[in-house]
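Before any comments, here is the structure.
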Amino acid sequence: MQPIRVNRVLVTVLMAFAGIFFIMPFLWMLSASFKPELDVMKYPIQWIPETWRAIENYREVMFGTVPFGLYYWNSIKVTLATTAFSLTISSMAAYGFSKIAFKGRDFLFLVVLATFMIPSQAVLVPQFIIYRWFGLFDSHIGLMLLGASGVLGTFMLRQFFMGINNEIIESARMDGANHWSIFCKIAIPLVMPGLATYMILRFIWTWNDYQGPLVFLRSENLYTIQLGIRKFSDMHGEFYSLMMAGTVIAIFPLLLIFIFGQKYVIAGVASGSVKG
Amino acid sequence: MKQRKQSFYNSIAGYLFVLPMLLTTMLLTIIPIFLSGIISFTDWNFITGLGNIHFIGFGNYEELFKDEHFWRAMTNNLTMILTVPFSMIIALVLAVLIDRMTYFKSFFKVIYFMPFISSFVAVSLLWRVLYHPTSGPINGFLKSIGIANPPLWLADPKYALIAVMIIMVWTGLGFNMILFIAGLQGIPKDLYEAADMDGASKFRQFMNITIPMLSPTIFFLLITGVIGSFKVFDLVMVLTEGGPAGSTSVIVHYLYEVAFVNLRSGYASAIGIVLLFSLIIVTVVQWFGQKKWVNY
């Protein structure tokens, strides 16, 4: 046990102040969502509400005029499917690009990497047209496909697969195992931390995606939570307490995932290859 | 013979493993970007169907060149690049302090990372209220410390872009900080010990050891940060829709409006292609610039 050092304590206290300043918007949001509307904009800010209206606010958001429950369910469905889909596709490709020597591999990988540079907005119009042709427009399947290609996941997981010793793969090949069973039984268990990182990141990005649903969904019964809170704010723009309650509800699952998985998220981001 | 068979098997297996990923990338990115290139030379509107396609050569690009709205969006985008170094400097200072001099490291990491995991829609709605010109908490605070006429933030064309940029710094800080902390942990401790023996001050150590050793991280953050700053769509769309008076309009939002509100597919595609080339140029410039200052 190291002795406690004075200037270290001092910096910790200083950073705590800076940190509080930094999460103040979130605290304000939470506190506003618990208040009656009239108290929201009062100054000085009542960080702890004098009159509580938490249950009423949240009930009105969840079961009021805008079907938040439905949007929530849609988001869960789309996010889970996209994450599973993307994880499968990316880990397979990552294994192929790192552990199988085949002709043209490096060239293909370069092409895939180059698509990184293309901003999603630059392909919005053709994507829209292609989606119309294939009947993917205004469907959840289309949305799931949108997040599934996972160039980023491929790139990231490839780093993890490259950490596996080639001799393990070789000796399994000698014993007559094919690549598919090596992939499933040996490689995947070895890159679990990498998969966890990418899974959490993909979940967060899909859950938070606004542009995709905005462009590729039309029917209101298919809306995801992000479109939902936007619509909600258009309808109840003056009711800041309700708006903040809706925002809290939208952020909540991510907060849970992040708190439990923060080790993986931070490790993955720190591996230096990820940007949302 | 066995060797040949083996390599044939490997090729088949390899292609099968990467196939699903290649197909989706092909369908969603590679084919669309080529289509985008083609459509950008037409005056097409996708509602009217394929029959009404007319090639107009460089017409869209010429119009774009004279389009005031586009140039304003471009100027705003270039201004927004300023958020990148700004947020990197704050993040670096925070990272050094957190890594070297605090207790509860992981707690701080979580706090600063929170905005990064929140959706831009939620963040935008929240800040719209915080920035509220007459009764929002930010102006409430400014008035309470004696500023009689605080800026109207998002409602004022002079301050709206700065207001958006403040949010960008706030959301991006945590990401930069985490990467800097990871970079700092990779610097060998004996470098500092040697510098201590030579009597170098902490500041000199920071300038002559920390910064050069972090230069690959700095370079990575610069590249991804600049590209990211060109792609802020959600934030602008929910927060201001480009207003007031175009003061926060950005290229991607303008593209969206042209494509899906004005329904001009050809013109929108031209904007997309120009955006792509801008990003390529910015990245290439940084790539060549790195040789001067990045140490590997």
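Reminder, nothing fancy here: chain letters follow the sequence lines and each chain counts from 1. Both backbone and side-chain heavy atoms feed into the values below; hydrogens, waters and symmetry mates do not.
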Atom pair CG (D234(B)) and CD (Q226(A)), whose distance is rounded to the nearest 0.5 Å: 8.0 Å
Any idea which of I33(B), L35(B), L255(B) has the most non-hydrogen atom pairs under 4.5 angstrom with chain A? I33(B)
To the nearest 0.5 Å, tell me how far L276(B) CG sits from Q121(A) CD. 11.5 Å
What about the rings of F113(B) and F258(A), do their centers lie closer together than 6.0 Å? yes
Non-hydrogen contacts under 4.5 angstrom with chain B: give the residues of residues 249-256 of chain A involved, or none if there are none. I251(A), L254(A), L255(A)
Whatever's closer than 4.5 Å to a heavy atom in chain A on I227(B) counts as side chain
Would you please go through residues 261-271 of chain B and name the residues with a non-hydrogen atom below 4.5 Å from one of chain A, in numerical order? S265(B), A268(B), S269(B)
Crowding at NZ, K143(B) (>12 non-hydrogen neighbours, <6.0 Å): yes
Would you say CZ of F233(B) has more than 12 non-hydrogen atoms from neighbouring residues, nucleotides or ligands within 6.0 angstrom? yes
Answer with side chain, backbone, both or neither: which region of W180(A) has an atom nearer than 4.5 Å to a non-hydrogen atom of chain B? both
Is there a side-chain contact between S118(B) and N208(A) (heavy atoms, below 4.5 Å)? no
So which residue, V252(B), I111(B), L126(B), ends up with the most heavy-atom pairs under 4.5 Å with chain A? L126(B)
Interface moiety of T134(B) toward chain A, non-hydrogen atoms closer than 4.5 Å: neither
Where on A94(A) is there a heavy atom nearer than 4.5 Å to chain B: the side chain, the backbone, both, or neither? neither
Residue part contacting chain A, namely of F180(B), when any heavy atom lies under 4.5 Å: neither
Does any heavy atom of chain B fall under 4.5 Å from the side chain of I257(A), the backbone, both, or neither of them? neither
Under 4.5 Å to a heavy atom of chain A? For I39(B) that would be side chain
Just give me the residue among K103(A), K99(A), R230(A) that pairs up with chain B most often, heavy atom to heavy atom, under 4.5 Å. R230(A)
Where does L145(A) contact chain B at under 4.5 Å (heavy atoms): side chain, backbone, both or neither? both
Between I89(A) and chain B, with a heavy-atom cut-off of 4.5 Å, which part of the residue counts as in contact: side chain, backbone, both or neither? both
Which one, V11(A), V13(A), T247(A), leads in non-hydrogen pairs under 4.5 Å with chain B? V11(A)
Residues P119(A) and L275(B): closest non-hydrogen pair is CG-CD2, 3.7 Å
Report the distance from atom CZ of F116(A) to atom OG1 of T29(B), rounding to the nearest 0.5 Å. 11.0 Å
Would you call I204(A) and F116(B) a side-chain contact if the rule is heavy atoms closer than 4.5 Å? no
Proximal component of R105(A), with respect to chain B [non-hydrogen, under 4.5 Å]: neither
Between Y256(B) and chain A, which part of the residue has a heavy atom less than 4.5 Å away: side chain, backbone, both or neither? side chain
Between F102(A) and F17(B), is the gap from one ring center to the other below 6.0 Å? no
So that I know where these two stand, are F120(B) and Y210(A) an aromatic pair - ring centroids less than 6.0 Å apart? no
Establish, yes or no, whether a centroid distance under 6.0 Å links the rings of W170(B) and F26(A). yes
Output the distance between atom CD1 (I223(B)) and atom CE (M117(A)), rounded to the nearest 0.5 Å. 8.0 Å
Taking the side chain as every heavy atom from C-beta outward, state whether S233(A) and R128(B) have any pair of such atoms under 4.5 Å apart. yes
Quick one: which of G272(B), G14(B), A259(B), G183(B) has the most heavy-atom pairs under 4.5 Å with chain A, could you say? G14(B)
L97(B) CG to L14(A) CG distance, which is reported to the nearest 0.5 Å: 7.5 Å
Do N10(B) and R173(A) make a side-chain contact, defined as non-hydrogen atoms from C-beta onward lying under 4.5 Å apart? yes
By side chain to side chain contact (heavy atoms under 4.5 Å, CB included), which residues pair with V129(B), not counting sequence neighbours? W28(A), M41(A), Y240(A), M243(A), M244(A)
F128(A) and F260(B) aromatic ring geometry - parallel, tilted or perpendicular at 30°/60° bounds: perpendicular
At a heavy-atom separation under 4.5 Å, does V111(A) approach chain B through its side chain, its backbone, both, or neither? side chain
Which atoms of I280(B) approach chain A - backbone, side chain, both or neither, heavy atom under 4.5 Å: both
Checking heavy atoms, do the side chain of Y112(B), its backbone, both or neither come under 4.5 Å from chain A? both
Considering all heavy atoms of both residues, which atom of A93(A) and which atom of V18(B) are nearest to each other, and what is their separation? O-CG1, 3.7 Å
Would you mind checking which part of V112(A) comes under 4.5 Å of any heavy atom in chain B, side chain (CB onward), backbone (N, CA, C, O), both or neither? side chain
Side chain, backbone, both or neither of L94(B) within contact of chain A (heavy atoms, under 4.5 Å): both
Max heavy-atom pair count under 4.5 Å with chain B, selected residue of D209(A), V248(A), I225(A), L108(A): L108(A)
Considering only heavy atoms, which portion of Y95(A) lies under 4.5 Å from any heavy atom of chain B: side chain, backbone, both, or neither? side chain
Euclidean distance, I100(A) CD1 relative to Y15(B) OH, rounded to 0.5 Å: 11.5 Å
Just one of L124(A), I129(A), I130(A), V125(A) clears the side chain to side chain contact (heavy atoms under 4.5 Å, CB included) bar with P32(B), so which one? I130(A)
Shorter than 4.5 Å, heavy atoms on both sides: which option in V123(B), L173(B), L19(B) has the most such pairs with chain A? L173(B)
Contact origin within V215(A) toward chain B - heavy atom pairs under 4.5 Å: side chain
Side chain, backbone, both or neither: which part of F109(A) has a non-hydrogen atom closer than 4.5 Å to chain B? neither
Contact check, side chains of M237(B) and Q211(A), non-hydrogen atoms, under 4.5 Å: no
Has the side chain of S36(B) got a donor or acceptor atom that lies under 3.5 Å from a matching backbone atom of A122(A)? yes
Expected list for residues 21-28 of chain B: side-chain donor-acceptor pairs under 3.5 angstrom, two or more places apart:
| unit_1 | atom_1 | unit_2 | atom_2 | d |
| --- | --- | --- | --- | --- |
| T24(B) | OG1 | P20(B) | O | 3.1 |
| T24(B) | OG1 | M21(B) | O | 3.0 |
| T25(B) | OG1 | M21(B) | O | 2.7 |

